[in-house]
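First the structure, in the form of structure tokens, and then the observations on it.
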Number of protein chains: 2
Amino acid sequence: MKNILRMTHQRELILEELGNCHNHPTADALYERIKKKLPRISLATVYRNLEILSEAGMIRKLEISGRQKRFDKEVEQHDHIFCVQCRRIDDIKFDQSRIISLEEDQSQGYKISGCRIEFFGICSKCQAKNKKIQKNEKDCTEGCTGDCIKDNAKKSSKKKSKRKKRKLNERQRKVLEVLATSDNICVNRDIAAATSLDPKQISCQLTALKKKGFITSPIRCQYKITKAGKAAL
Amino acid sequence: MKNILRMTHQRELILEELGNCHNHPTADALYERIKKKLPRISLATVYRNLEILSEAGMIRKLEISGRQKRFDKEVEQHDHIFCVQCRRIDDIKFDQSRIISLEEDQSQGYKISGCRIEFFGICSKCQAKNKKIQKNEKDCTEGCTGDCIKDNAKKSSKKKSKRKKRKLNERQRKVLEVLATSDNICVNRDIAAATSLDPKQISCQLTALKKKGFITSPIRCQYKITKAGKAAL
DNA sequence: TCTTGACACGGTAATGATTCTCAATTACTT
DNA sequence: AAGTAATTGAGAATCATTACCGTGTCAAGA
Ligand SMILES: [Mn+2]
Ligand SMILES: [Mn+2]
Ligand SMILES: [Zn+2]
Ligand SMILES: [Zn+2]
């Protein structure tokens, strides 16, 4: 009846490897590290044990906003701060008792058992990086506001997990090829003539290509291939 | 080039329906409600518009701990409290500026742009329910700690999304049938004799059955079918 | 008026993270 | 050493979310 935790080699390694991690790793990241020492370990085993160990209170499972869960060797109560740009997560110590007791008055009948405080911002490294970029950046064609930071974060996080698939379908490739061969800006009609595709189809593909960043439309109804577009061919 | 939001019928409905929701609904829940008024709407449209509307600042996307994202008609800054048992989410107002300025001293170089505070506990309804259950519960064979509450929450949340699949394989059914016919507690050997299965196989199936809640092991190595197990046959 | 292309839609496939399944193996108990 | 329940690896399944694609609608410009 008593649930004894067997200390298998796998479990031991997972615990040890998490202990060596100072950034709060995801199950996947931990799996990659452990594979080097035990190549036949399964990702499911890593997930399983991280769950079991956190259930047993030997590690902590973090549910920071975002998709992947992260794991923490430190079991003592503490909160976190994360960088919205590079996604790193650091510890912060914060006395929750004060804020909880403050909240208990207007708790709407809830019996409060805890709270999670999550700061977010930009870490010192990213601040420095941004400053450098801003200096070097002179040919910024369009206003570069907070959006591009967000885009960067999104892109980097995606690239990190898996390579981004940017496949072109038959029609998109045709359209892109026409734009690649023609030096000047093209309109729908030009492309239709060159590809013998239905103009409606072309409009649809142009939209998709623009969304992917492979073409731009400097003037309404006129398109031009981008560097990314050329690279994609 | 300019991003104009067209107010389509679908978008209007989504906005309106979210406005009528006082609990912070998931995309899926909202979809189910909207389908009643517009049966041909696509789930993808609901997701797409919730994203667009929150991007435009007309609604808010919440990343409360847990898997599904939730959406909030209230765009003013506020935090949330959720019940770990029934998963309902309520609003709380909290002055973040104080706690943020408090944190800024020891911010480890971060430029803090905000924070999310998330209280959790047990709502008044669940508290009342628990009290009732505790009174009625006299045949609680094993210590009923916080664990069963958590189990309940997990189960109910799963049931809500899809019906739980509890199928038995060939061997599991055989084992369960032996336990069902025998009134007393059985050991592995008994089952082996009755089923002509390999004892190793039986051990494995017993583990699976126990995990599913179809059998219990009141004494080590001795098994007994549960009500759920009988129901499953 | 006729084109055009941006936005949007519905349906469906794909994706990413996580969990489940199951026969085989392993680590504890006795 | 034997017996047995916990654990494993490999892969399938699940769940929430997003991407894709062909089509439709609308408003603005030729
Ligand atoms: Mn930490
Ligand atoms: Mn709210
Ligand atoms: Zn950073
Ligand atoms: Zn509740």
Side-chain angles (χ1 to χ4, degrees), chain A residues 1-11 26-28 31 38-52 66-69 157-158 161-162 164-172 187-189 192 198-208 210-212 217 220-223, chain B residues 1-11 26-28 31 38-52 66-69 154 157-158 161-162 164-172 187-189 198-208 210-212 217 220-223:
Chain A
M1 194 76 332
K2 47 184 170 178
N3 255 354
I4 302 161
L5 276 200
R6 282 193 198 160
M7 203 32 84
T8 60
H9 189 201
Q10 289 86 337
R11 190 164 292 164
T26 61
D28 190 65
Y31 170 62
L38 192 65
R40 291 186 52 76
I41 198 171
S42 156
L43 176 57
T45 299
V46 175
Y47 270 105
R48 198 165 28 215
N49 279 307
L50 287 171
E51 181 64 38
I52 290 170
R67 29 220 81 279
Q68 274 159 290
K69 278 166 198 153
S157 80
K158 242 179 204 163
S161 73
K162 279 286 153 65
K164 175 122 190 186
K165 204 169 71 179
R166 290 224 176 225
K167 67 163 188 278
L168 297 165
N169 66 20
E170 181 67 20
R171 276 174 291 264
Q172 283 167 7
V187 300
N188 191 320
R189 198 184 309 261
D198 179 57
K200 270 204 174 175
Q201 271 308 313
I202 292 169
S203 153
C204 181
Q205 304 313 328
L206 286 171
T207 305
K210 204 170 99 182
K211 195 170 155 202
K212 289 183 187 176
S217 171
R220 192 175 192 277
C221 308
Q222 304 191 12
Y223 296 90
Chain B
M1 196 82 336
K2 49 187 167 176
N3 253 356
I4 300 161
L5 271 202
R6 285 193 196 154
M7 202 34 85
T8 60
H9 187 201
Q10 288 86 338
R11 191 164 291 167
T26 61
D28 189 67
Y31 170 62
L38 192 65
R40 292 188 50 77
I41 197 172
S42 157
L43 176 59
T45 299
V46 175
Y47 270 106
R48 196 167 28 221
N49 281 308
L50 287 171
E51 180 64 36
I52 289 169
R67 44 240 98 266
Q68 276 159 287
K69 278 167 196 152
K154 227 180 244 174
S157 79
K158 246 184 199 159
S161 72
K162 282 283 153 65
K164 174 121 191 188
K165 204 169 70 177
R166 291 228 178 220
K167 68 162 188 277
L168 296 166
N169 67 17
E170 180 68 21
R171 275 175 291 266
Q172 283 167 7
V187 300
N188 190 321
R189 197 183 310 260
D198 179 57
K200 273 203 172 173
Q201 271 307 312
I202 293 169
S203 153
C204 182
Q205 304 313 326
L206 287 172
T207 305
K210 201 170 100 183
K211 194 171 156 201
K212 290 182 185 173
S217 170
R220 190 176 192 276
C221 308
Q222 304 193 10
Y223 298 91

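Of the inter-residue distances, the one linking I41(B) atom CD1 with N49(B) atom CG reads 7.0 Å to the nearest 0.5 angstrom. The CZ atom of R48(A) sits 10.0 Å away from the CG atom of L43(A) when rounded to the nearest 0.5 Å. Interatomic distance, T207(B) OG1 to I202(B) CD1, rounded to the nearest 0.5 Å: 11.5 Å.
Closest approach of S42(A) and Y31(A) over heavy atoms only: C-CE1, 3.8 Å. Taking every heavy atom of both residues into account, V46(B) and A27(B) meet most closely at CG1-O, 3.8 Å. In terms of heavy-atom proximity, R11(A) sits nearest to R6(A) at NH1-O, 2.9 Å.
Proximity of K210(B) to the phosphate of dT4(D): no side-chain N or O atom is located under 4.0 Å from OP1 or OP2. In this model, the phosphate group of dG22(D) is approached by a side-chain N or O of Q205(A) to a distance below 4.0 Å at OP1 or OP2. Proximity of Q172(A) to the phosphate of dC21(D): a side-chain N or O atom is located under 4.0 Å from OP1 or OP2. In this structure, Y47(A) reaches the dT18(C) phosphate: one of its side-chain N or O atoms is under 4.0 Å from OP1 or OP2.
Between the CE atom of M7(B) and the P atom of dA8(C) there is a distance of 9 Å, given to the nearest Å. When rounded to the nearest whole Å, the span between CG of L50(B) and P of dA16(D) equals 15 Å. In this structure, L5(B) atom CG and dC26(D) atom P are separated by 17 Å, rounded to whole Å. Across the protein-nucleic acid pair, I202(B) atom CD1 and dC22(C) atom P stand 16 Å apart, rounded to whole Å. The separation between H9(B) atom NE2 and dC26(D) atom P is 13 Å, rounded to whole Å.
Comparing A208(B) and L206(A), the nucleotide of DNA chain C nearest to each residue sits closer to the 5' end for L206(A). Residue whose closest nucleotide on DNA chain D sits further toward the 5' end, between K69(B) and S203(B): S203(B).
Looking at R67(B), its side chain has no donor and acceptor atom pair within 3.5 Å of the base of dA16(D). Under 3.5 Å, the side chain of T207(B) and the base of dA5(D) form no donor-acceptor pair of N or O atoms.
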Anything under 3.5 Å between a protein N or O and an N or O of nucleotides 8-11 of chain D, put it in a table, one pair a line.
from	atom 1	to	atom 2	distance (Å)
dT8(D)	OP1	T8(A)	OG1	3.1
dT8(D)	OP1	N49(A)	ND2	3.1
dT8(D)	OP2	N49(A)	ND2	3.3
dT8(D)	O3'	Q10(A)	NE2	2.9
dG9(D)	OP1	Q10(A)	NE2	3.1
dG9(D)	OP2	S42(A)	N	3.4
dG9(D)	OP2	T45(A)	OG1	2.3
dG9(D)	N7	R48(A)	NH2	3.1
dG9(D)	O6	R48(A)	NH1	3.2
dA10(D)	OP1	R40(A)	NH1	3.2
dA10(D)	OP1	R40(A)	NH2	2.8
dA10(D)	OP2	R40(A)	O	3.3
dA10(D)	N7	S42(A)	OG	3.3

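Picking from dT17(D), dC28(C), dC22(C) the nucleotide with the shortest atom distance to the side chain of L43(B) gives dT17(D).
Note on Y31(A): nothing from the nucleic acid sits closer than 4.0 angstrom, heavy atoms only.
For the pair R40(A) and Q10(A), the minimum side-chain heavy-atom distance is 4.5 Å or more.
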